[in-house]
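Reckoned from all heavy atoms, side chains included, excluding hydrogens, waters and symmetry mates. A, B, ... follow the sequence lines: proteins, then strands. Residue 1 opens every chain.
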Amino acid sequence: MNVKDLIAAAIMAAARQAMVDGVFAETELPAVMLEVPPQKEFGDFATNFAMQLARVAKTKPRQLAEAITSCLNSRAALDKNHPDALSWLREAKIAGPGFINFYLKSDWLYDLLHFVLVQGENYGRTTTGGGEKIQVEFVSANPTGPLHVGHGRGAAVGSALVNLLRAAGYDVQAEYYINDAGNQMENLAASVNARYLEIMGVETVFPENGYHGQDIIATAQRIIDQGGAKYLELPTNERLAIFKELALTEKLALLKEDLESFGVSFDKWFSERTIHDNGAIEATCQKLKASGHIYEQDGALWLKSTAYGDDKDRVVVRDNGVPTYLAADIAYHRDKFVRGFDRLINIWGSDHHGYISRVKAAVAAMGFEPERLEVLILQMVSLYQNGELVKMSKRTGRSVTLAELIEEVGCDAARFFFIMRSIDSQLDFDLDLAKSRSNENPVYYIQYAHARINSIFRQTQEAGIKMPQLADISLNQLTSEAEVELIKKIGEYPEEIALAAKERAPHHMARYAHELAGLFHSFYNQCRIIGVEPELQAARLALVTAVQNTLRSVLGILGITAPDRM
RNA sequence: GCGCCCGUAGCUCAGGGGAUAGAGCGUCGGCCUCCGGAGCCGAAAGCGCAGGUUCGAUUCCUGCCGGGCGCACCA
């Protein structure tokens, strides 16, 4: 019951009819692309179908458009399955080089709004995902310190993408891969150990690759608070082993806390250790060896990733017998596929993009179609304050943490700012703008629309104004341009979801939310709601209800609150 | 050197094979006897350069020039 789908189907039917009638030679018909034309004079919808068809049909576009429009206007080739497909059509006209513009009876808007209101909270959800099982793995930051703003972008975008895909009818699982094995764990233990010794007054050298963050000192201090000096007597390696576990447990808990307070949750936390411990890495390597994708050289085992487009082959087991990170990742990805996901989406920082080709090569070597693994690369984040770049340094461990950012600008603003840009663009995060509680701030602009609507309903309630049954509301009272524009924008919501999900691009939803809020504010300024003629009042209240439902829904996808008052 | 991302308004960014390229911030000018002025209305201002494909390119391709990020038996 989508106007565009119905029109598109009718166009196809008309085109087939024209083909049968010999207007053009038999050929495969292109897909129908319907769009909202750039100018009102061009009608409610337009298509370049005739021009697209011209290419394959080897016939002049206007001639094809002529055949199609006359067929449509005379209702000569109606789809038997949709006998009322053209009930909204007033006229199809040819324009320019061969565009077909559709002028609809205004009923289509009211039918649309009616549909939206009937759908209620479910409005916008689509089934375009077809229940495809997708796993989205994101953040997956090492549990060696607090999350910083870069992780924040991954967390916000990832969780929004999960929400978006679910709204579009995909079966989604959100997963976090915990890198709790390998060198960085040793570094963590050594760093905590050094801080521990320092605080205890024992002279020590801070490890070369250690973590310099303040949080490591805090971890050491906490160990002292709980266990005092008792670890001093232990041999170093035993102390390191204990510190490793204590630190890991603490860091992991902090990660979960940070993410939770950022509105991000995972269905599964996958521990890298499990695939080390249960022999999965070894088994995977064996398989790849048996299939000839792994060979031995210079005492190490190499994945022949060049066979699948990588620049060079990669070591999976070092000459000292210790598997590399890649080995674990290969086993991990195998595990994901074995778990039955149709598709895997990994969200990585741009500094990892060079890693894509080798993992895809490994996936291919294991016999899985590499297209089933999608890696989304997230460009970097820069913070700006007072118009100046906020410097960050990994070496000194002095960088802005996600927790600090949330403290500074709030969860909603932080999420919105992270999501609102395409992931392909580097993000200049304007702290002052995000922080401002004024009209400058797009987050508040959107939330304000929702709060305003709530305020309207508070007043109708106080005044004892009752909403009539939907069937008794004359939606065709809504005739002003502001009202029409608003209904149209609401009507676009399902396809916005479908498109954003297909493109894995949640920033479309941020933009949509802003546009919808804008049209609402504009409408609100032009059209009085409470106190006008009862029929018009009812219709406007219905419209406002639809706006509110849609705003709440899109804010839900963004993971941003929809406040009743601000 | 090679690979990935980005060059669109003064700034930050959307968009995208088609009919007059959008938004926020900033600048300038208007709007509260009226449902929340955290709002509305208006103005100035733009597709890095050069080729190519196409009926049509800001969009696709190639090269160049700028900026970012990578190029480990680290993760």
Side-chain angles (χ1 to χ4, degrees), chain A residues 33 35 37-39 41-42 46 48 51-52 54-55 60-61 95-99 101 140-142 144 179 181-185 187 209 272 297-302 311-312 314-329 349-357 377-380 382 384 387 417 420-430 432-433 436-449 451-460 463 482 507-508 510-511 514-515 517-518 520-532 537 540 544 565-566:
Chain A
M33 308 280 287
E35 57 178 20
Q39 291 169 69
E41 301 79 69
F42 295 145
N48 61 357
M51 292 182 284
Q52 298 297 339
R55 200 184 296 275
K60 290 197 172 76
F99 287 104
N101 295 333
S140 298
N142 287 345
T144 54
N179 296 124
N183 281 334
Q184 77 279 0
M185 282 294 103
N187 288 338
N209 297 318
E272 181 187 349
Q297 190 183 304
D298 304 331
L301 292 184
W302 297 72
D311 297 338
K312 50 178 284 196
R314 308 288 171 176
V315 171
V316 285
V317 179
R318 289 178 264 248
D319 53 15
N320 63 7
V322 178
T324 61
Y325 180 82
L326 179 62
D329 229 10
S350 65
D351 52 343
H352 285 73
H353 74 257
Y355 201 74
I356 297 173
S357 52
I377 291 302
L378 215 43
Q379 296 300 315
M380 299 188 50
S382 305
Y384 283 83
F417 274 64
M420 72 178 175
R421 301 300 186 212
S422 154
I423 62 168
D424 290 333
S425 278
Q426 289 171 34
L427 177 63
D428 284 354
F429 194 116
D430 185 338
D432 302 308
L433 184 60
S436 78
R437 299 187 170 263
S438 71
N439 54 352
E440 298 164 6
N441 192 329
V443 190
Y444 288 94
Y445 183 81
I446 299 164
Q447 292 184 315
Y448 184 55
R452 253 185 166 174
I453 293 170
N454 227 266
S455 166
I456 294 165
F457 287 124
R458 275 197 298 276
Q459 286 173 64
T460 55
H507 73 279
H508 286 308
R511 175 154 297 272
H514 194 264
E515 287 168 356
F520 166 74
H521 286 308
S522 183
F523 152 78
Y524 181 88
N525 246 264
Q526 283 173 251
C527 302
R528 176 98 202 154
I529 298 160
I530 297 172
V532 297
Q537 174 179 282
R540 286 187 173 159
V544 159
R565 36 164 60 96
M566 295 168 68

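For B:U12 and B:C4, the C1' atoms lie 23 Å apart once the distance is rounded to whole Å. Atom name P, nucleotides B:C60 and B:C28: the rounded distance is 37 Å, in whole Å. Separating the C1' atom of B:G66 from that of B:C49 is a span of 11 Å, rounded to the nearest Å. Taking atom C1' in both B:A72 and B:G67, the straight-line distance is 26 Å, to the nearest Å. Separation of the P atoms belonging to B:A9 and B:G24 is 16 Å when rounded to the nearest angstrom. Atom P of B:G26 sits at a distance of 28 Å from the matching atom of B:G68, rounded to the whole Å. A distance of about 32 Å separates the C1' atoms of B:U20 and B:G63, rounded to the whole Å. When the P atom is used for both B:U58 and B:A75, the distance is 47 Å, rounded to whole Å.
Under the salt bridge (Lys or Arg N to Asp or Glu O under 4.0 Å) criterion, A:Glu515 pairs with A:Lys489, sequence neighbours left out. With sequence neighbours left out, A:His508 forms a ring-ring contact (aromatic ring centres under 6.0 Å, His included) with no residue at all. Residues satisfying the side chain to side chain donor-acceptor pair (under 3.5 Å) test with A:Ser350, not counting sequence neighbours, are none. Looking at residues two or more places apart in sequence or on another chain, you find no ring-ring contact (aromatic ring centres under 6.0 Å, His included) involving A:Phe99. Residues meeting the ring-ring contact (aromatic ring centres under 6.0 Å, His included) test with A:Phe417, sequence neighbours left out: A:Phe429. Annotation: side chain to side chain donor-acceptor pair (under 3.5 Å) contacts of A:Ser357 (sequence neighbours excluded): A:Asp310. Considering only residues two or more places apart in sequence or on other chains, A:Tyr355 meets the side chain to side chain donor-acceptor pair (under 3.5 Å) condition with none of them. Contacts of A:Gln459 classified as side chain to side chain donor-acceptor pair (under 3.5 Å), with partners at least two apart in sequence or in another chain: A:Ser455.
When heavy atoms are screened at a 4.0 angstrom cut-off, A:Asp432 is found touching no nucleic acid atom at all. Among the atoms of the strands shown, base atoms are found under 4.0 Å from some heavy atom of A:Tyr524. Among the heavy atoms of the strands lying under 4.0 Å from A:Met566 is at least one base atom, whether or not backbone atoms are also near. At a threshold of 4.0 angstrom between heavy atoms, the contacts of A:Asp319 include nucleobase atoms, whether or not backbone atoms are also involved. Across all strands shown, A:Ala54 has no heavy atoms under 4.0 Å from either base or sugar-phosphate atoms.
A:Gln52 has no side-chain polar atom (N or O) that falls below the 4.0 Å cut-off from OP1 or OP2 of B:G18. Listed pair A:Ser350 / B:G68 fails the phosphate criterion, with no side-chain N or O lying under 4.0 Å from OP1 or OP2. Between B:G37 and A:Arg452, a contact under 4.0 Å exists linking OP1 or OP2 to a side-chain N or O. The side chain of A:Tyr444 contributes no N or O atom lying less than 4.0 Å from OP1 or OP2 of B:G24.
When each of B:A19, B:A75, B:A72 is scored by its nearest atom to the side-chain atoms of A:Asn179, the top-ranked nucleotide is B:A75. Nearest to the side chain of A:Asp298, among B:C73, B:C40, B:G70, sits B:C73. The side chain of A:Ile456 approaches B:C35 more closely than any other nucleotide in the set B:A19, B:C4, B:C35. Side-chain proximity of A:Ala95 to B:G68, B:A19, B:C41: nearest is B:A19. The nucleotide whose nearest atom lies closest to any side-chain atom of A:Ile530 is, among B:G36, B:C35, B:C40, B:C35.
Stacking of A:Phe99 onto the six-membered ring of B:A19 is present: less than 5.5 angstrom between centres, less than 30° between planes. Remark: ring of A:Tyr448 does not overlap the six-membered base ring of B:G36 in a stacked fashion, as centroids less than 5.5 Å apart with planes less than 30° apart are not both met.
Scanning RNA chain B for stems, defined as runs of 3 or more consecutive Watson-Crick or G-U wobble pairs whose donor-acceptor distances all fall under 3.5 Å, gives the following ranges: B:1-7 with B:65-71, B:10-13 with B:22-25, B:27-31 with B:39-43, B:48-52 with B:60-64.
If A:Ile377 and A:Asn48 are placed on RNA chain B by their nearest nucleotide, the residue sitting closer to the 5' end is A:Ile377. Looking at which nucleotide of RNA chain B each of A:Ala46 and A:Arg565 is closest to, the 5′-most match is held by A:Ala46.
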Got a list of protein N/O to nucleotides 26-29 of chain B N/O distances below 3.5 Å?
{"unit_1": "B:G26", "atom_1": "OP1", "unit_2": "A:Glu440", "atom_2": "OE2", "d": "3.3"}

Please tabulate, one pair per line, each protein N/O and nucleotide N/O from nucleotides 42-45 of chain B that are separated by under 3.5 Å, including the distance.
none

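Rounded to an integer number of Å, the gap from OH of A:Tyr355 to P of B:C73 is 11 Å. In this structure, A:Phe520 places its CZ atom 13 Å from P of B:C41, rounding to the nearest Å. Look at CZ on A:Arg314: it is 8 Å from P on B:C73, rounded to the nearest Å.
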Verdict with reasoning, A:Met185 to A:Thr144, per side chain to side chain contact (heavy atoms under 4.5 Å, CB included): CA-CA 7 Å; A:Met185 282 294 103; A:Thr144 54; 3.8 Å; yes

Derivation of the side chain to side chain contact (heavy atoms under 4.5 Å, CB included) call for A:Asn454 and A:Arg565: CA-CA 7 Å; A:Asn454 227 266; A:Arg565 36 164 60 96; over 6 Å; no

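Between A:Ile529 and A:Val544, some side-chain heavy-atom pair lies under the 4.5 Å cut-off.
Heavy-atom minimum distance, A:Val532 versus A:Arg540: CG1-NH1, 4.1 Å. A pairwise comparison of heavy atoms in A:Val322 and A:Asn320 identifies N-OD1, 2.9 Å as the closest pair. The two residues A:Ala95 and A:Asn101 have their closest heavy-atom pair at CB-ND2, 3.3 Å. The minimum heavy-atom distance between A:Asp298 and A:Asp319, with the atom names listed, is O-CB, 3.8 Å. Closest non-hydrogen pair, A:Tyr445 versus A:His521, comes out as O-NE2, 3.0 Å.
Separating the OG1 atom in A:Thr324 from the CG atom in A:Leu301 is a distance of 9.5 Å, to the nearest 0.5 Å.
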Contact letters for nucleotides 6-16 of chain B, in which S counts primed atoms plus P, OP1 and OP2 and B counts the base, heavy atoms under 4.0 Å: S-----BSSS-

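Side chain A:Arg55 to base B:G17: no donor-acceptor pair is found below 3.5 Å.
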